[in-house]
Amino acid sequence: MTRTAQRRTVAKVVVRPMRAPTPAGDRRRRRVADQARAYGFLLGGLVCFALFSWYPAIRAVVIAFQKYTPGSDPEWVGTANFTRVLADPEFAAAWRNTLVFTLLALLIGFAIPFVLALVLNELRHAKAFFRVVVYLPVMIPPVVSALLWKWFYDPGTGLANEALRFLHLPTSNWSNGADTALVSLVVVATWANLGGTVLIYLAALQSIPGELYEAAELDGANLLQRVRHVTIPQTRFVILMLMLLQIIATMQVFTEPFVITGGGPENATVTVLYLIYKYAFLYNDFGGACALSVLLLALLGLFSAAYLRLTRSEGDT
């Protein structure tokens, strides 16, 4: 081939530039990269959650149908654990105490935070100081709080009876009396969890438009009428949500009976969770403990479903 022919052949070669990526392709790649990065960050949390939450829950359901003691092979026994647990006299006492505790907690610990939130919302000075004071018990570790109240309730040298003696009033056995022990524990639980509930209520109250209160005042409504016709309707979702969460939390009470009363006196403060502890670590009966856990899980699952339904319906509106 001559040089002239070679130059003609080279001249015919067309060098096409590389096609630039389209904007849609760039967005797709960026979206995939962002999702991969996000799932990478979530992977550690998901693994921990699976190992320390999902696996123990599934394992507990399996053990509930087995005769299981550490150091021996598990034996499948079907529903024998449930039958034995249901026939235990402590089972009825534990559920009765738990339900009474929950009811008292709703009567005592549900109204007090709402009233305190109303008072804090009306304050004009030192709001921050009183919020810290109300929230302070939440920052104390639960075991330390229970030990403080155990000393406070001591029938001999406790601060409660010393105050009653100073006022020349009759003393009480408090947590050592079968009739007063459960109420005493409700007071402890209410005091320990008061701050968080008050702040949630306070946030809900501050989100109410002030025009509603002004209109109610122009109509001649007094304080109680404003609370009844404005405050409660405007915060009904928060009230119902906190009520369901409080039921779920109080039915799992353990720290106060374990530290203050040890389930006594006369099983007056044995709760379901404390009975689960006794089956597992005192009776060495892990099958019975898991059977009790499954029963408690089934009941709390109903309240959890109601809570999720409530939040979902509120989000749709």
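Both backbone and side-chain heavy atoms feed into the values below; hydrogens, waters and symmetry mates do not. Sequential numbering from 1 along the given sequence is applied to the chain's residues. Keep in mind it's a predicted model, so treat the numbers as computed, not measured.
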**Prompt:** Leu99 and Met251: side-chain contact (heavy atoms from CB on, under 4.5 Å), yes or no, with the steps?
**Reply:** CA-CA 7 Å; Leu99 293 176; Met251 292 197 71; 4.0 Å; yes

**Message:** Applying side-chain hydrogen bond (donor to acceptor under 3.5 Å, both in side chains) to Asn284 and Tyr279, what does each step give before you reach the verdict?
**Reply:** CA-CA 6 Å; Asn284 206 28; Tyr279 265 91; over 6 Å; no

**Prompt:** Phe114 and Thr231: side-chain contact (heavy atoms from CB on, under 4.5 Å), yes or no, with the steps?
**Reply:** CA-CA 11 Å; Phe114 188 74; Thr231 304; 3.9 Å; yes

**side-chain contact (heavy atoms from CB on, under 4.5 Å) between Phe152 and Leu147, intermediate numbers included** = CA-CA 9 Å; Phe152 182 82; Leu147 290 173; over 6 Å; no

**Prompt:** Passes side-chain contact (heavy atoms from CB on, under 4.5 Å), Trp95 versus Glu90? Steps please.
**Reply:** CA-CA 9 Å; Trp95 278 101; Glu90 283 189 300; over 6 Å; no

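Here the side chains of Gln66 and Glu75 are not in contact, with every heavy-atom distance at 4.5 Å or above. You'll find the side chain of Ile63 stays beyond 4.5 Å of the side chain of Pro74, heavy atoms only. For the pair Leu199 and Tyr135, the minimum side-chain heavy-atom distance is below 4.5 Å. Between Val61 and Cys290, the closest side-chain pair of non-hydrogen atoms is not below 4.5 Å.
Partner Thr98 forms a side chain to side chain contact (heavy atoms under 4.5 Å, CB included) with one of Leu103, Leu299, Val272 and no other, that one being Val272.
Hydrophobic clustering of Ile, Leu, Val, Met, Phe, Trp and Tyr side chains at less than 4.5 Å, counting indirect connections, keeps Val186 apart from Leu107. At a threshold of 4.5 Å between side-chain heavy atoms, the hydrophobic network of Ile, Leu, Val, Met, Phe, Trp and Tyr places Ile140 and Leu185 in one connected group. Note on Phe237: it clusters hydrophobically with Ile232, by side-chain heavy-atom contacts below 4.5 Å among ILVMFWY residues. Tyr39 and Val47 end up in different hydrophobic clusters when Ile, Leu, Val, Met, Phe, Trp and Tyr side chains are linked at under 4.5 Å. Cluster membership check: Leu51 shares its hydrophobic cluster with Leu43, using side-chain heavy-atom separations under 4.5 Å among Ile, Leu, Val, Met, Phe, Trp and Tyr.
The two residues Val187 and Trp149 have their closest heavy-atom pair at CG1-CH2, 4.0 Å. When all heavy atoms are compared, the tightest approach of Ala146 to Ile260 is O-CG1, 3.5 Å. Summarising the geometry of Ala50 relative to Pro56, their closest heavy-atom pair is O-CD, 4.4 Å, with the distance given to 0.1 Å. Closest non-hydrogen pair, Val270 versus Gly263, comes out as CG2-O, 3.2 Å. Between Asn173 and Thr180, the shortest heavy-atom contact is C-OG1, 4.2 Å. Among all heavy-atom pairs drawn from Pro170 and Leu164, the shortest one is O-CD1, 3.4 Å.
Arg96 forms no cation-pi arrangement with Phe101, by the criterion of a distance under 6.0 Å to the ring centre and an angle within 45° of the ring axis.
Side chain to side chain, Trp174 and Asp154 fail the donor-acceptor criterion of an N or O pair below 3.5 Å. With no hydrogens or angles considered, no side-chain donor-acceptor pair links Ser172 and Tyr153 at under 3.5 Å. Residues Ser184 and Ser175 have side chains that never bring a donor and an acceptor to within less than 3.5 angstrom of each other.
Ring centroid separation for the pair Phe82 and Phe65 comes in under the 6.0 Å cut-off.
With hydrogens and angles ignored, the 3.5 Å screen pairs no side-chain donor or acceptor of Ser145 with any backbone N or O of Pro141. At least one donor-acceptor pair closer than 3.5 Å links the side chain of Thr269 to the backbone N or O of Gly264. Between the side chain of Thr271 and the backbone N or O of Val253 there is at least one donor-acceptor pair closer than 3.5 Å. Checked by atom type and distance alone, the side chain of Ser207 pairs as donor or acceptor with a backbone atom of Ala204 at under 3.5 Å. A donor-acceptor pair is defined here as one N or O able to donate and one able to accept, closer than 3.5 Å; no such pair exists between the side chain of Asn161 and the backbone of Thr171. Between the Gln246 side chain and the Ala105 main chain, a donor and an acceptor come within less than 3.5 Å of each other. For Asp219 (side chain) and Ala221 (main-chain N/O), no donor-acceptor pair under 3.5 Å exists by modelled atom type. Panel note: side chain Thr83, backbone Thr79; a donor-acceptor pair is recorded below 3.5 Å.
Other residues, nucleotides and ligands contribute more than 12 heavy atoms inside 6.0 Å of the CZ atom of Arg165. Within a 6.0 Å sphere centred on CG of Asp179, other residues, nucleotides and ligands contribute 12 heavy atoms or fewer. Heavy atoms of other residues, nucleotides or ligands lying less than 6.0 angstrom from CD of Gln225 number more than 12. More than 12 heavy-atom neighbours from other residues, nucleotides or ligands sit within 6.0 angstrom of OH on Tyr283.
Rounding to the nearest 0.5 Å places OG1 of Thr250 at 9.5 Å from CG of Asn193. Considering CG of Leu295 and CG of Leu86, their distance stands at 6.0 Å, rounded to 0.5 Å. Between the CG atom of Leu242 and the CG atom of Leu106 there is a distance of 11.5 Å, given to the nearest 0.5 Å. The distance from the CD atom of Glu122 to the CG atom of Leu205 is 9.0 Å, given to the nearest 0.5 Å. Rounding to the nearest 0.5 Å places OH of Tyr213 at 3.5 Å from CD1 of Ile208. Separating the CZ atom in Phe286 from the CG atom in Asn81 is a distance of 12.5 Å, to the nearest 0.5 Å.
One finds no salt bridge joining Asp285 and Lys67 here, because no Lys/Arg side-chain nitrogen approaches an Asp/Glu carboxylate oxygen to under 4.0 Å. Look at Arg37 and Asp34 and you find a salt bridge, because one of the NZ, NE, NH1 or NH2 atoms lies within 4.0 Å of a carboxylate O, short of that distance.
Residues meeting the ring pair (Phe, Tyr, Trp, His ring centres under 6.0 Å) test with Tyr277, sequence neighbours left out: Phe254, Phe258, Tyr274, Phe281.
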